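From a predicted model like this one, the values you see are computed outputs, not experimental measurements.
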Amino acid sequence: MKSRLTNKATLVNQLDIHTALLNWYDGNARALSWRVAPIDSKMGVKPDPYRVWLSEIMLQQTGVKVVEPYFQKFVRKWPKIHDLHKATETAVLAAWSGLGYYRRARNLKACAEILCTKYQGNFPQEESLLLKLPGIGKYTSAAILTIAFGIPAIVVDGNIERIVARLFNLQDTLEKLKPQIYKNVSNFSPTIRPGDFAQAMMDLGATVCKPKNPLCKKCPIQNFCKAFYKGNSNIIPKKSKKKIRILKKGYVYIGITKTKKIAMVVRPNNGLLGGMTCPPSSDWKTNNFPTNIPPISGSWIMLDQTVKHTFTHFDLELKILFSHISDIPENYISKTLNQSLITSTPTVMRKAILAAVNFEKSNVVW
Ligand code: SF4
(Lines give C-alpha, C1' and ligand atoms only; values in the text may rest on other atoms or scores of the structure.)
Protein backbone atom coordinates (compact mmCIF):
# COMPACT_ATOMS: atom_id res chain seq x y z
CA MET A 1 0.00 0.00 0.00
CA LYS A 2 1.51 3.27 -1.06
CA SER A 3 1.08 6.15 1.36
CA ARG A 4 -0.29 9.33 -0.12
CA LEU A 5 1.23 11.36 2.75
CA THR A 6 4.46 13.17 2.14
CA ASN A 7 6.40 14.83 4.95
CA LYS A 8 4.54 18.04 4.30
CA ALA A 9 0.91 17.07 4.07
CA THR A 10 -0.44 18.94 1.10
CA LEU A 11 -3.74 20.75 1.03
CA VAL A 12 -4.93 18.22 -1.53
CA ASN A 13 -4.42 15.17 0.64
CA GLN A 14 -5.76 17.01 3.68
CA LEU A 15 -8.95 17.49 1.72
CA ASP A 16 -8.83 13.82 0.77
CA ILE A 17 -8.55 12.82 4.43
CA HIS A 18 -11.47 15.09 5.34
CA THR A 19 -13.60 13.62 2.58
CA ALA A 20 -12.69 10.02 3.42
CA LEU A 21 -13.34 10.51 7.11
CA LEU A 22 -16.60 12.43 6.68
CA ASN A 23 -17.92 9.87 4.19
CA TRP A 24 -17.14 7.14 6.69
CA TYR A 25 -18.78 9.14 9.50
CA ASP A 26 -21.94 9.62 7.45
CA GLY A 27 -22.41 5.85 7.41
CA ASN A 28 -20.84 4.85 10.72
CA ALA A 29 -21.45 7.61 13.30
CA ARG A 30 -22.25 6.28 16.76
CA ALA A 31 -25.82 7.05 17.82
CA LEU A 32 -25.31 9.06 21.02
CA SER A 33 -28.06 10.77 23.00
CA TRP A 34 -26.43 14.18 22.81
CA ARG A 35 -25.49 14.00 19.17
CA VAL A 36 -27.23 15.20 16.00
CA ALA A 37 -26.84 12.34 13.50
CA PRO A 38 -25.03 13.32 10.28
CA ILE A 39 -28.19 12.81 8.21
CA ASP A 40 -30.12 15.24 10.46
CA SER A 41 -27.19 17.62 10.53
CA LYS A 42 -27.29 17.75 6.73
CA MET A 43 -31.01 18.54 6.92
CA GLY A 44 -30.14 21.58 9.03
CA VAL A 45 -30.81 20.22 12.54
CA LYS A 46 -28.57 22.10 14.95
CA PRO A 47 -27.09 20.56 18.09
CA ASP A 48 -28.36 21.84 21.45
CA PRO A 49 -25.34 23.55 23.08
CA TYR A 50 -26.68 22.56 26.52
CA ARG A 51 -26.59 18.87 25.60
CA VAL A 52 -23.16 19.20 23.96
CA TRP A 53 -21.76 20.92 27.04
CA LEU A 54 -23.38 18.49 29.48
CA SER A 55 -22.07 15.47 27.57
CA GLU A 56 -18.57 16.90 27.25
CA ILE A 57 -18.37 17.60 31.00
CA MET A 58 -19.58 14.06 31.74
CA LEU A 59 -17.17 12.56 29.22
CA GLN A 60 -14.16 14.16 30.90
CA GLN A 61 -12.50 11.12 32.54
CA THR A 62 -15.46 8.82 31.77
CA GLY A 63 -16.41 6.63 28.80
CA VAL A 64 -19.48 6.85 26.58
CA LYS A 65 -21.13 3.69 27.95
CA VAL A 66 -21.04 4.92 31.54
CA VAL A 67 -22.09 8.44 30.59
CA GLU A 68 -25.19 7.50 28.51
CA PRO A 69 -27.57 6.66 31.43
CA TYR A 70 -26.35 9.64 33.47
CA PHE A 71 -26.83 11.96 30.53
CA GLN A 72 -30.36 10.68 30.00
CA LYS A 73 -31.15 11.05 33.70
CA PHE A 74 -29.91 14.65 33.68
CA VAL A 75 -31.84 15.73 30.60
CA ARG A 76 -35.00 14.05 31.94
CA LYS A 77 -34.68 15.90 35.23
CA TRP A 78 -33.32 19.14 33.79
CA PRO A 79 -34.15 19.35 30.06
CA LYS A 80 -32.85 22.90 29.67
CA ILE A 81 -30.08 24.89 31.26
CA HIS A 82 -32.60 27.02 33.15
CA ASP A 83 -33.91 23.85 34.83
CA LEU A 84 -30.40 22.91 35.89
CA HIS A 85 -29.86 26.44 37.15
CA LYS A 86 -32.92 26.12 39.42
CA ALA A 87 -31.82 22.74 40.83
CA THR A 88 -30.01 22.62 44.16
CA GLU A 89 -26.36 21.62 44.21
CA THR A 90 -27.29 18.72 46.50
CA ALA A 91 -29.76 17.41 43.90
CA VAL A 92 -27.18 17.74 41.11
CA LEU A 93 -24.53 15.96 43.19
CA ALA A 94 -26.99 13.19 44.07
CA ALA A 95 -27.88 12.67 40.39
CA TRP A 96 -24.16 12.66 39.54
CA SER A 97 -23.39 10.09 42.22
CA GLY A 98 -21.41 7.14 40.88
CA LEU A 99 -19.96 9.10 37.95
CA GLY A 100 -16.98 10.22 40.05
CA TYR A 101 -14.87 13.39 39.95
CA TYR A 102 -17.57 15.29 41.78
CA ARG A 103 -15.98 18.66 41.17
CA ARG A 104 -17.39 18.34 37.64
CA ALA A 105 -20.93 18.29 39.03
CA ARG A 106 -20.31 21.33 41.22
CA ASN A 107 -18.77 23.14 38.24
CA LEU A 108 -21.78 22.18 36.14
CA LYS A 109 -24.07 23.87 38.62
CA ALA A 110 -21.81 26.93 38.96
CA CYS A 111 -21.55 27.21 35.17
CA ALA A 112 -25.35 26.99 34.73
CA GLU A 113 -25.66 29.79 37.29
CA ILE A 114 -23.33 32.11 35.33
CA LEU A 115 -24.84 31.23 31.95
CA CYS A 116 -28.37 31.91 33.17
CA THR A 117 -27.62 35.10 35.09
CA LYS A 118 -25.04 36.64 32.74
CA TYR A 119 -25.80 35.20 29.30
CA GLN A 120 -29.59 34.56 29.40
CA GLY A 121 -28.95 30.82 29.30
CA ASN A 122 -26.85 30.98 26.12
CA PHE A 123 -23.30 29.82 25.68
CA PRO A 124 -20.82 32.49 24.55
CA GLN A 125 -19.30 31.64 21.19
CA GLU A 126 -15.79 32.84 21.98
CA GLU A 127 -13.03 30.70 23.40
CA SER A 128 -11.83 33.42 25.79
CA LEU A 129 -15.32 33.72 27.35
CA LEU A 130 -15.92 29.97 27.49
CA LEU A 131 -12.59 29.48 29.26
CA LYS A 132 -13.77 31.77 32.08
CA LEU A 133 -16.63 29.40 32.90
CA PRO A 134 -16.20 26.82 35.69
CA GLY A 135 -15.16 23.38 34.47
CA ILE A 136 -14.47 24.48 30.89
CA GLY A 137 -10.87 24.10 29.76
CA LYS A 138 -9.21 24.27 26.37
CA TYR A 139 -10.53 20.94 25.13
CA THR A 140 -14.12 21.46 26.29
CA SER A 141 -14.31 25.00 24.91
CA ALA A 142 -13.03 23.74 21.53
CA ALA A 143 -15.56 20.88 21.56
CA ILE A 144 -18.45 23.27 22.37
CA LEU A 145 -17.44 25.77 19.68
CA THR A 146 -16.94 23.12 17.03
CA ILE A 147 -19.73 20.65 17.77
CA ALA A 148 -22.43 22.98 19.08
CA PHE A 149 -21.79 26.00 16.84
CA GLY A 150 -19.79 24.69 13.86
CA ILE A 151 -16.98 27.15 14.64
CA PRO A 152 -13.63 25.58 13.68
CA ALA A 153 -11.48 25.00 16.78
CA ILE A 154 -8.69 22.60 17.68
CA VAL A 155 -10.35 19.60 19.33
CA VAL A 156 -7.79 17.17 20.72
CA ASP A 157 -8.93 14.42 23.08
CA GLY A 158 -7.16 11.14 23.88
CA ASN A 159 -8.63 9.36 20.85
CA ILE A 160 -7.59 12.13 18.50
CA GLU A 161 -4.07 12.25 19.97
CA ARG A 162 -3.64 8.56 19.27
CA ILE A 163 -4.94 8.78 15.68
CA VAL A 164 -2.73 11.75 14.85
CA ALA A 165 0.35 10.11 16.38
CA ARG A 166 -0.29 7.11 14.10
CA LEU A 167 -1.26 9.13 11.07
CA PHE A 168 2.05 11.01 11.21
CA ASN A 169 4.08 8.04 12.56
CA LEU A 170 5.12 9.97 15.68
CA GLN A 171 7.13 7.61 17.85
CA ASP A 172 7.03 8.77 21.44
CA THR A 173 4.65 8.85 24.39
CA LEU A 174 1.50 10.92 23.95
CA GLU A 175 2.60 13.03 26.89
CA LYS A 176 5.76 14.11 25.05
CA LEU A 177 4.01 14.43 21.71
CA LYS A 178 1.24 16.73 22.90
CA PRO A 179 2.58 20.02 21.43
CA GLN A 180 3.41 18.38 18.08
CA ILE A 181 0.03 16.67 17.89
CA TYR A 182 -1.74 19.93 18.68
CA LYS A 183 0.20 21.65 15.89
CA ASN A 184 -0.62 18.84 13.45
CA VAL A 185 -4.31 18.97 14.33
CA SER A 186 -4.37 22.75 13.89
CA ASN A 187 -2.87 22.38 10.41
CA PHE A 188 -5.24 19.62 9.60
CA SER A 189 -8.70 20.62 10.95
CA PRO A 190 -11.28 21.53 8.30
CA THR A 191 -13.47 24.58 8.03
CA ILE A 192 -16.27 22.60 6.38
CA ARG A 193 -18.36 20.47 8.78
CA PRO A 194 -15.79 20.98 11.57
CA GLY A 195 -18.15 19.57 14.22
CA ASP A 196 -18.79 16.38 12.28
CA PHE A 197 -15.08 16.07 11.54
CA ALA A 198 -14.18 16.28 15.24
CA GLN A 199 -16.87 13.74 16.10
CA ALA A 200 -15.72 11.51 13.23
CA MET A 201 -12.19 11.51 14.69
CA MET A 202 -13.61 10.66 18.13
CA ASP A 203 -15.62 7.78 16.67
CA LEU A 204 -12.71 6.53 14.59
CA GLY A 205 -10.56 6.42 17.73
CA ALA A 206 -13.26 4.64 19.74
CA THR A 207 -14.24 2.04 17.15
CA VAL A 208 -11.43 1.59 14.60
CA CYS A 209 -8.13 3.19 15.58
CA LYS A 210 -8.41 1.68 19.05
CA PRO A 211 -5.62 1.79 21.64
CA LYS A 212 -4.83 -1.93 21.17
CA ASN A 213 -5.07 -3.80 17.87
CA PRO A 214 -6.34 -0.99 15.62
CA LEU A 215 -8.63 -2.26 12.87
CA CYS A 216 -6.54 -0.84 10.03
CA LYS A 217 -8.25 -2.99 7.41
CA LYS A 218 -11.53 -1.19 8.13
CA CYS A 219 -9.97 2.25 8.44
CA PRO A 220 -11.25 4.94 6.06
CA ILE A 221 -7.97 6.88 6.26
CA GLN A 222 -5.60 3.94 5.96
CA ASN A 223 -4.22 5.33 2.67
CA PHE A 224 -3.00 8.41 4.48
CA CYS A 225 -1.57 6.70 7.55
CA LYS A 226 2.21 6.70 7.88
CA ALA A 227 2.21 4.29 10.82
CA PHE A 228 0.19 1.79 8.79
CA TYR A 229 2.55 2.21 5.83
CA LYS A 230 5.58 1.59 8.05
CA GLY A 231 3.94 -1.29 9.95
CA ASN A 232 3.98 0.69 13.19
CA SER A 233 0.25 0.91 13.95
CA ASN A 234 0.52 -1.39 16.95
CA ILE A 235 3.55 0.24 18.55
CA ILE A 236 2.36 3.86 18.34
CA PRO A 237 1.94 5.60 20.68
CA LYS A 238 4.84 4.53 22.87
CA LYS A 239 3.68 3.45 26.30
CA SER A 240 4.53 5.71 29.25
CA LYS A 241 6.33 4.09 32.17
CA LYS A 242 3.82 2.98 34.76
CA LYS A 243 3.85 5.27 37.77
CA ILE A 244 3.96 3.62 41.18
CA ARG A 245 0.47 3.92 42.68
CA ILE A 246 0.08 5.45 46.11
CA LEU A 247 -2.09 3.48 48.53
CA LYS A 248 -4.01 5.44 51.14
CA LYS A 249 -5.79 3.86 54.08
CA GLY A 250 -8.51 4.94 56.45
CA TYR A 251 -11.74 4.09 58.27
CA VAL A 252 -15.36 4.77 57.45
CA TYR A 253 -17.97 4.81 60.20
CA ILE A 254 -21.49 3.59 59.49
CA GLY A 255 -23.67 4.58 62.45
CA ILE A 256 -27.34 3.56 62.18
CA THR A 257 -30.21 4.25 64.60
CA LYS A 258 -33.11 1.94 65.45
CA THR A 259 -35.34 4.03 63.18
CA LYS A 260 -33.01 3.40 60.22
CA LYS A 261 -31.39 6.79 60.19
CA ILE A 262 -27.75 7.00 59.25
CA ALA A 263 -25.25 9.64 60.39
CA MET A 264 -23.77 11.49 57.43
CA VAL A 265 -21.55 14.52 56.82
CA VAL A 266 -20.96 16.81 53.86
CA ARG A 267 -17.37 16.44 52.73
CA PRO A 268 -15.32 19.64 52.27
CA ASN A 269 -15.69 21.14 48.79
CA ASN A 270 -11.97 21.29 48.12
CA GLY A 271 -11.17 17.63 48.76
CA LEU A 272 -12.03 14.30 47.15
CA LEU A 273 -15.76 13.56 46.97
CA GLY A 274 -16.03 17.30 47.68
CA GLY A 275 -19.53 18.50 48.57
CA MET A 276 -20.90 14.95 48.67
CA THR A 277 -22.98 13.71 51.57
CA CYS A 278 -21.18 10.65 52.94
CA PRO A 279 -20.76 8.65 56.15
CA PRO A 280 -17.98 10.13 58.32
CA SER A 281 -14.49 8.79 57.74
CA SER A 282 -11.02 9.22 59.21
CA ASP A 283 -8.17 10.94 57.41
CA TRP A 284 -6.75 8.84 54.58
CA LYS A 285 -3.11 8.13 55.37
CA THR A 286 -0.48 6.93 52.88
CA ASN A 287 0.48 3.26 53.40
CA ASN A 288 -0.61 2.95 57.05
CA PHE A 289 -4.00 3.12 58.69
CA PRO A 290 -4.41 6.20 60.88
CA THR A 291 -5.48 5.88 64.51
CA ASN A 292 -9.02 4.58 64.71
CA ILE A 293 -11.04 7.17 66.63
CA PRO A 294 -14.79 6.76 66.01
CA PRO A 295 -16.36 10.23 65.74
CA ILE A 296 -19.65 9.20 67.39
CA SER A 297 -20.06 7.20 70.60
CA GLY A 298 -21.24 3.65 69.98
CA SER A 299 -20.17 0.03 70.12
CA TRP A 300 -18.15 0.03 66.93
CA ILE A 301 -17.42 -3.30 65.29
CA MET A 302 -14.82 -3.56 62.57
CA LEU A 303 -16.05 -5.62 59.62
CA ASP A 304 -13.81 -8.22 58.00
CA GLN A 305 -14.62 -6.67 54.65
CA THR A 306 -12.74 -3.60 53.43
CA VAL A 307 -13.67 -1.22 50.62
CA LYS A 308 -11.17 -0.62 47.86
CA HIS A 309 -11.45 2.20 45.37
CA THR A 310 -9.24 3.69 42.67
CA PHE A 311 -8.94 7.44 42.33
CA THR A 312 -6.86 9.09 39.59
CA HIS A 313 -3.78 9.61 41.71
CA PHE A 314 -4.05 6.90 44.36
CA ASP A 315 -5.80 3.77 45.53
CA LEU A 316 -7.85 3.83 48.70
CA GLU A 317 -8.54 1.09 51.19
CA LEU A 318 -11.13 1.74 53.87
CA LYS A 319 -11.86 -0.46 56.86
CA ILE A 320 -15.56 -0.37 57.68
CA LEU A 321 -16.77 0.18 61.22
CA PHE A 322 -20.38 -0.34 62.10
CA SER A 323 -22.39 0.59 65.18
CA HIS A 324 -25.95 1.03 66.24
CA ILE A 325 -26.22 4.52 67.65
CA SER A 326 -28.92 5.93 69.91
CA ASP A 327 -29.34 9.18 68.00
CA ILE A 328 -27.84 11.21 65.19
CA PRO A 329 -25.60 13.78 66.93
CA GLU A 330 -26.40 17.44 66.29
CA ASN A 331 -23.44 18.18 64.04
CA TYR A 332 -24.28 15.28 61.70
CA ILE A 333 -26.86 15.01 58.95
CA SER A 334 -29.62 12.49 59.58
CA LYS A 335 -30.59 10.57 56.45
CA THR A 336 -33.12 7.79 56.06
CA LEU A 337 -31.35 4.63 55.07
CA ASN A 338 -33.17 3.64 51.90
CA GLN A 339 -32.46 2.87 48.26
CA SER A 340 -32.57 6.49 47.19
CA LEU A 341 -29.90 7.42 49.75
CA ILE A 342 -27.73 4.52 48.69
CA THR A 343 -27.89 5.41 44.99
CA SER A 344 -27.15 9.07 45.68
CA THR A 345 -23.99 8.26 47.67
CA PRO A 346 -20.60 8.06 45.91
CA THR A 347 -19.61 4.53 44.89
CA VAL A 348 -16.87 4.03 47.48
CA MET A 349 -19.15 5.03 50.36
CA ARG A 350 -22.08 3.17 48.85
CA LYS A 351 -20.05 -0.04 49.05
CA ALA A 352 -19.30 0.64 52.73
CA ILE A 353 -22.96 1.31 53.58
CA LEU A 354 -24.10 -1.85 51.78
CA ALA A 355 -21.45 -3.93 53.57
CA ALA A 356 -22.63 -2.55 56.94
CA VAL A 357 -26.30 -3.15 56.09
CA ASN A 358 -25.56 -6.75 55.12
CA PHE A 359 -23.53 -7.22 58.27
CA GLU A 360 -26.37 -5.85 60.39
CA LYS A 361 -28.89 -8.14 58.72
CA SER A 362 -26.86 -11.26 59.31
CA ASN A 363 -25.13 -10.61 62.61
CA VAL A 364 -26.56 -8.06 64.93
CA VAL A 365 -29.78 -7.90 66.88
CA TRP A 366 -30.83 -4.74 68.65
FE1 SF4 B 1 -5.28 3.99 12.95
FE2 SF4 B 1 -4.70 1.91 11.38
FE3 SF4 B 1 -6.31 3.86 10.54
FE4 SF4 B 1 -3.72 4.30 10.83
S5 SF4 B 1 -4.66 2.89 9.40
S6 SF4 B 1 -5.38 5.68 11.46
S7 SF4 B 1 -3.27 3.07 12.63
S8 SF4 B 1 -6.69 2.43 12.22
Side-chain angles (χ1 to χ4, degrees), residues 32-38 40-41 44-62 64 67 70-72 74-89 91-93 95-96 99 101-161 178 182-183 185-202 269 274-275:
L32 303 173
S33 305
W34 48 87
R35 177 178 277 177
V36 172
D40 297 326
S41 172
V45 178
K46 300 280 178 225
D48 177 352
Y50 170 63
R51 293 169 80 93
V52 173
W53 163 70
L54 183 60
S55 65
E56 286 299 338
I57 300 292
M58 287 183 167
L59 286 164
Q60 291 167 0
Q61 316 275 355
T62 315
V64 160
V67 164
Y70 280 92
F71 178 84
Q72 287 176 18
F74 265 67
V75 292
R76 258 198 319 273
K77 272 176 172 288
W78 304 297
K80 296 282 167 203
I81 192 149
H82 292 286
D83 305 313
L84 187 64
H85 172 220
K86 284 180 207 148
T88 63
E89 186 179 276
V92 174
L93 283 167
W96 191 275
L99 202 50
Y101 303 96
Y102 293 92
R103 181 178 294 175
R104 292 182 296 168
R106 294 203 313 277
N107 280 337
L108 207 63
K109 180 74 181 85
C111 191
E113 171 86 29
I114 296 171
L115 289 169
C116 289
T117 52
K118 199 171 168 189
Y119 295 101
Q120 296 80 47
N122 299 311
F123 282 80
Q125 296 182 32
E126 271 176 48
E127 188 193 39
S128 61
L129 295 176
L130 284 170
L131 287 175
K132 286 185 183 154
L133 296 169
I136 297 187
K138 231 174 158 36
Y139 165 76
T140 308
S141 71
I144 293 171
L145 288 174
T146 311
I147 299 170
F149 299 112
I151 298 171
I154 317 303
V155 182
V156 187
D157 71 354
N159 278 329
I160 296 175
E161 281 181 345
K178 269 181 198 300
Y182 193 81
K183 206 172 148 202
V185 177
S186 49
N187 290 333
F188 168 79
S189 296
T191 48
I192 297 162
R193 296 180 67 191
D196 281 349
F197 183 79
Q199 293 178 97
M201 289 285 275
M202 291 169 187
N269 273 348

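Residues Tyr102 and Gly274 approach most closely at CB-O, 4.1 Å, considering heavy atoms. Here the shortest heavy-atom pairing between Phe149 and Pro124 reads CE1-O, 4.4 Å. Considering all non-hydrogen atoms of both residues, Gln125 and Ile151 come closest at OE1-CD1, 3.7 Å. In this structure, Ile144 and Val52 approach most closely via the heavy-atom pair CA-CG1, 4.3 Å. Shown here for Ala112 and Leu84, the closest heavy-atom pair between the two residues is CB-CD2, 4.1 Å. Scanning both residues, Gly150 and Pro194, for their nearest heavy atoms gives O-CG, 3.4 Å.
One finds the CD1 atom of Ile147 at 14.0 Å from the CZ atom of Arg51 (value rounded to the nearest 0.5 Å). If you take CD on Glu56 and CG on Leu59, they are separated by 5.5 Å, rounding to the nearest 0.5 Å. Lys132 NZ to Lys118 NZ: the interatomic distance, rounded to the nearest 0.5 Å, is 6.5 Å. Taken from CG in Leu93 to CG in Leu99, the straight-line distance is 11.5 Å, to the nearest 0.5 Å. Atom OH of Tyr101 sits about 15.0 Å away from atom CD1 of Ile57, to the nearest 0.5 Å. Rounding to the nearest 0.5 Å places OG of Ser141 at 10.5 Å from CG of Leu129.
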Please assess Phe74 against Val92 for the test side-chain contact (heavy atoms from CB on, under 4.5 Å), listing each intermediate value before the final yes or no.
-> CA-CA 8 Å; Phe74 265 67; Val92 174; 4.0 Å; yes

How far apart are the C-alpha atoms of Leu115 and His85, what are their side-chain angles, what is the distance that settles it, and do they pass the side-chain contact (heavy atoms from CB on, under 4.5 Å) test?
-> CA-CA 9 Å; Leu115 289 169; His85 172 220; over 6 Å; no

Test Val75 against Trp34 for side-chain contact (heavy atoms from CB on, under 4.5 Å), laying out the working first.
-> CA-CA 10 Å; Val75 292; Trp34 48 87; over 6 Å; no

Check the pair Met202 / Val155 against side-chain contact (heavy atoms from CB on, under 4.5 Å), numbers first and verdict last.
-> CA-CA 10 Å; Met202 291 169 187; Val155 182; 3.8 Å; yes

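If you look at Phe197 and Phe188, their ring centroids are closer than 6.0 Å.
Between the side chain of Lys86 and the main chain of Trp78, no donor-acceptor pair closer than 3.5 Å is present. Counting only distance, with no hydrogens or angles, the side chain of Gln199 and the backbone of Gly195 share a donor-acceptor pair below 3.5 Å. Under the 3.5 Å distance criterion, the side-chain polar atoms of Ser186 are matched with a main-chain donor or acceptor of Lys183.
For Arg104, the CZ atom sits in a packed shell: over 12 heavy atoms of surrounding residues, nucleotides or ligands are nearer than 6.0 Å. Within 6.0 Å of CD1 in Ile192 there are 12 or fewer heavy atoms belonging to other residues, nucleotides or ligands.
In this structure, Tyr50 and Trp53 have tilted ring planes: the angle between them lies in the 30° to 60° band.
Screening Leu54, Leu130, Ile136 for a side-chain contact (heavy atoms from CB on, under 4.5 Å) with Cys111, the sole residue that qualifies is Ile136.
With no hydrogens or angles considered, a side-chain donor-acceptor pair links Ser33 and Gln72 at under 3.5 Å. Remark: the Gln60 side chain and the Tyr139 side chain contain no N/O donor-acceptor pair separated by less than 3.5 Å.
Ser41 meets the side chain to side chain donor-acceptor pair (under 3.5 Å) test with no other residue; sequence neighbours excluded.
Looking at heavy atoms from C-beta onward, Tyr182 lies in side-chain contact with Lys138 at the 4.5 angstrom threshold. Residues Trp96 and Met58 have side chains in contact (heavy-atom distance under 4.5 Å, counting atoms from C-beta outward). At a threshold of 4.5 Å between non-hydrogen side-chain atoms, the residues Lys80 and Asp48 count as touching.
A salt bridge links Arg193 to Asp196: one of the charged nitrogens lies within less than 4.0 Å of a carboxylate oxygen.
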